There are 2 protein chains.
Amino acid sequence: MFLHIQFDSETPIYQQVKNQIIRGIALGELSLGESLPSVRQLASDIGINLHTVNKVYNQLKLEGWVVIHRKSGVMVNPDLKANKSPDYLAGLDTLLKNITAEAYLNGVSREEFIDFIQKNYDSYKIREEK
Amino acid sequence: MFLHIQFDSETPIYQQVKNQIIRGIALGELSLGESLPSVRQLASDIGINLHTVNKVYNQLKLEGWVVIHRKSGVMVNPDLKANKSPDYLAGLDTLLKNITAEAYLNGVSREEFIDFIQKNYDSYKIREEK
DNA sequence: CATTCTGTTATATATTATGTATAACAGACA
DNA sequence: TGTCTGTTATACATAATATATAACAGAATG
């Protein structure tokens, strides 16, 4: 797996795992329909508790990123749907307002900021399941 | 004051207050050198505890957003300095990678995203102290 | 000098979030 | 029958968040 967890980070472990899985899908490192490790396997790989992984998978399921079948386990949702819900957009709005304000005050120019966003977007490409 | 706190939010109160003060500076709603309410006053206005506000002011001081003088109280730092430290930039990098990945998967186009960033930046302008 | 306002510190308490530990359950599959 | 899945239950420890009450020390003002 491609996960790198910082155990001394202020960001909770489960949040780091969750973020990296979602990013993995966007980058195409995880294809749609691809199987993810079992809760026990991933927990063992990272060196964390089973329940922490289970929490991640559960949230990913609730948010539609993965589907879970008994026994077959967890896989990236083969039918990912765009979710521009009002709640999501409202949260994104607030988040970006705060981040850009701080970046502006810290001397990050609009051009720098946008260039960074563009480079990120250019690296994203959903990889279809085979 | 211009603060609007959502008490049912997952975002901690102190974090909301902190974000809104920083954003207030970027928007020019707070001028450099402007006095902020005392810890007790602001706590009373919002309807929260004195210590929660004190925590905010303390973090803002440590990060250089405000200066605090005994008795004269808290004011927006008249000599704000850009802080593009490696730590800050690394945190911003990780944060934006995660946000853009999720936005991409949720169907927010690069153009939409960038347009939003631009409009934010256009609204920022530090207001100098008089 | 006494009052009043500052931020600050100290204690204590309550609730929630995070993470771990151990165990067991039920479905699916070989 | 084992063995693998996710899932649930229970318990525990630690940290984060927020409140409550009280007191302290510096600075300004009457």
Side-chain angles (χ1 to χ4, degrees), chain A residues 1 3-21 30 33-78 91 94 98, chain B residues 1 3-21 30 33-78 91 94 98:
Chain A
M1 201 80 185
L3 298 175
H4 299 284
I5 304 303
Q6 288 182 293
F7 291 94
D8 60 339
S9 168
E10 294 173 13
T11 305
I13 296 172
Y14 83 93
Q15 191 65 60
Q16 293 183 50
V17 174
K18 196 179 160 187
N19 286 339
Q20 290 181 33
I21 289 177
L30 292 171
E34 180 171 344
S35 284
L36 296 181
S38 74
V39 288
R40 290 173 180 81
Q41 183 63 52
L42 184 52
S44 170
D45 286 354
I46 305 179
I48 60 177
N49 192 274
L50 168 163
H51 293 101
T52 305
V53 175
N54 190 249
K55 180 177 183 175
V56 172
Y57 281 173
N58 234 280
Q59 291 193 7
L60 290 174
K61 177 181 68 177
L62 291 175
E63 295 170 15
W65 302 111
V66 302
V67 292
I68 301 179
H69 297 102
R70 199 106 203 182
K71 178 60 182 173
S72 63
V74 182
M75 64 166 59
V76 178
N77 192 338
T94 302
N98 293 330
Chain B
M1 201 83 186
L3 297 176
H4 300 285
I5 304 303
Q6 287 181 294
F7 290 95
D8 61 339
S9 168
E10 296 173 11
T11 306
I13 298 173
Y14 84 93
Q15 191 65 62
Q16 293 183 51
V17 175
K18 196 179 159 187
N19 286 340
Q20 289 180 34
I21 289 177
L30 292 172
E34 181 171 344
S35 285
L36 297 181
S38 74
V39 289
R40 290 173 181 82
Q41 183 63 52
L42 184 52
S44 170
D45 287 354
I46 305 179
I48 61 178
N49 192 274
L50 167 162
H51 292 101
T52 305
V53 176
N54 190 249
K55 180 177 183 174
V56 173
Y57 281 173
N58 234 280
Q59 292 192 7
L60 290 174
K61 178 180 68 177
L62 291 175
E63 295 170 15
W65 302 110
V66 303
V67 291
I68 302 179
H69 297 102
R70 200 106 201 184
K71 179 59 183 174
S72 64
V74 182
M75 64 165 58
V76 178
N77 192 338
T94 302
N98 292 330

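Nothing here was measured: the structure is a model prediction, and the numbers come from that model. Labels below follow one simple rule: chain letters A, B, ... track the order of the sequence lines, proteins then strands, and each chain is numbered from 1.
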Option from B:Leu60, B:Val56, B:Asn54 for which side-chain contact (heavy atoms from CB on, under 4.5 Å) with B:Asn58 holds: B:Asn54
Heavy-atom pair of closest approach, residues A:Glu34 and A:Leu30: OE1-CA, 3.4 Å
N/O (side chain, A:Lys55) to phosphate O (OP1/OP2, C:dT18) under 4.0 Å: yes
Gap between atoms CZ and C1', on A:Phe7 and C:dT20 respectively (whole Å): 13 Å
Value rounded to 0.5 Å, distance of CG in B:Leu3 from CD1 in B:Ile46: 5.0 Å
d(CG, A:Asn49; C1', D:dT8) in whole Å: 14 Å
N or O in side chain of B:Thr52 less than 4.0 angstrom from D:dT19 OP1/OP2: yes
Minimum-distance nucleotide to B:Ser38 side chain [options: C:dT6, D:dT7, D:dT5]: C:dT6
A:Pro78 to A:Met75 - nearest heavy-atom pair and separation: CG-SD, 4.2 Å
Heavy-atom pair of closest approach, residues A:His4 and A:Gln16: O-OE1, 4.2 Å
Whole angstrom value for the distance that separates C1' of D:dG6 from NE2 of A:His51: 11 Å
Phosphate-side-chain proximity, B:Ser72 and C:dT6, N/O vs OP1/OP2 below 4.0 Å: no
Short side-chain N/O contact to C:dT8 OP1/OP2 from B:Asn58, under 4.0 Å: yes
A:Arg40 or A:Pro12, whichever maps to the more 5' nucleotide of DNA chain C: A:Pro12
Phosphate-side-chain proximity, A:Tyr14 and C:dT18, N/O vs OP1/OP2 below 4.0 Å: yes
Any A:Tyr57 side-chain nitrogen or oxygen under 4.0 Å from OP1 or OP2 of D:dG6: no
Spacing between A:Asn54 atom CG and C:dT22 atom C1', to the nearest angstrom: 15 Å
Atom-to-atom span, CG of B:Leu50 to C1' of C:dA12 - whole angstrom: 15 Å
Of A:Arg70 and B:Lys61, the one whose closest DNA chain C nucleotide lies more 5': B:Lys61
